[in-house]
Amino acid sequence: TMARLGYSQSLNGAALSHVSLTAVTEQFHELFYRRTLSVRLGTDWRFAPGSNAVPFYDLASVGGELFVRGFQRGRFRDRGSAFTTVTYRFPVARFLDASLLYETGRTFHRLDDISLRDWHPAFGGGFRTWVPRGIVFELNVIRSSEEARVHFSFDTVF
């Protein structure tokens, strides 16, 4: 679980100062013998005090490398976003896992706009290999209504 609160101050007096709030949680459920189901939920919001405005380049978004990866980064932008990912991971070999995933997300302008309509889904799968206490490499192919995207990820585990 992660929560981040930020404040961006406009230095040139352009009235672009704003507050950002991001919260993401992911829960893992071991089904049986290294078969895992994970559910990730998150939200991202921007609030501009007074007459300030949130600049377009810092709006909350859906799409990119982290949330609803089947769309280009920033494909959907507004003052708030919500997203979820469900992943089923299963073993293929000793140090190789495969995964199937479904992601969906939506942007909102106000809290009143929150609904279950018009979410943007993506689905895909991939492989992850690792060395114990070493490097993790992950490859995912994710498809949305607009395009298919390939994502590579490297990480270390100690």
Side-chain angles (χ1 to χ4, degrees), residues 1-31 36-89 97 99-128 130 136-158:
T1 300
M2 179 275 297
R4 178 177 59 221
L5 179 64
Y7 179 73
S8 296
Q9 174 67 43
S10 179
L11 296 177
N12 63 359
L16 298 177
S17 299
H18 61 280
V19 175
S20 61
L21 172 64
T22 304
V24 179
T25 187
E26 187 167 14
Q27 300 298 313
F28 296 89
H29 304 281
E30 186 172 353
L31 303 174
T36 306
L37 183 68
S38 71
V39 177
R40 181 178 5 169
L41 304 170
T43 188
D44 194 13
W45 288 91
R46 304 293 188 266
F47 305 96
S51 62
N52 286 355
V54 178
F56 76 92
Y57 54 82
D58 205 18
L59 288 169
S61 67
V62 171
E65 296 78 33
L66 298 176
F67 313 118
V68 192
R69 296 168 286 178
F71 295 94
Q72 289 183 8
R73 182 175 183 260
R75 166 65 177 91
F76 303 100
R77 293 176 184 259
D78 211 327
R79 296 184 77 179
S81 68
F83 42 85
T84 186
T85 302
V86 176
T87 305
Y88 172 63
R89 191 173 311 278
D97 289 344
S99 62
L100 300 172
L101 61 93
Y102 175 81
E103 300 179 318
T104 188
R106 178 173 176 213
T107 56
F108 304 96
H109 190 67
R110 296 182 317 268
L111 290 174
D112 298 347
D113 295 337
I114 294 176
S115 74
L116 296 176
R117 293 187 324 261
D118 301 324
W119 285 63
H120 306 286
F123 62 92
F127 294 97
R128 180 175 73 165
W130 73 94
V136 176
F137 171 75
E138 190 168 3
L139 167 71
N140 287 300
V141 177
I142 302 166
R143 175 86 178 134
S144 70
S145 60
E146 296 181 354
E147 63 185 335
R149 299 177 58 86
V150 177
H151 291 269
F152 299 95
S153 173
F154 292 98
D155 204 349
T156 57
V157 178
F158 293 103

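- Annotation for A48 and H18: closest pair CA-CB, 4.2 Å, computed over non-hydrogen atoms.
- The CZ atom of F76 sits 12.0 Å away from the CG atom of D78 when rounded to the nearest 0.5 Å.
- Across S61 and R77, no two heavy atoms sit closer than the pair CB-CG, 4.0 Å.
- Interatomic distance, CZ of F83 versus OG1 of T43, reported as 6.5 Å (0.5 Å rounding).
- Other residues, nucleotides and ligands place no more than 12 heavy atoms under 6.0 Å from the CZ atom of F127.
- Annotation: R73, atom CZ; neighbour count of heavy atoms from other residues, nucleotides and ligands within 6.0 Å does not exceed 12.
- Note on ring orientation: taking the six-membered ring where Trp is involved, the planes of F108 and W45 are parallel (angle under 30°, cut-offs 30° and 60°).
- When all heavy atoms of F71 and E147 are compared, the pair lying nearest together is C-OE2, 4.1 Å.
- To the nearest 0.5 Å, the span separating CD1 on I114 from NE2 on H109 amounts to 13.0 Å.
- Counting heavy-atom neighbours within 6.0 Å of E146 CD, excluding the residue itself, gives a total above 12.
- Looking at every heavy atom in both residues, T1 comes nearest to Q27 through OG1-NE2, 4.3 Å.
- Here CZ of R46 is found 7.5 Å from OG of S8. Values are rounded to the nearest 0.5 Å.
- Here the OG-CZ distance, from S99 to R128, works out to 8.0 Å after rounding to the nearest 0.5 Å.
- More than 12 non-hydrogen atoms from other residues, nucleotides or ligands lie less than 6.0 angstrom from OH of Y7.
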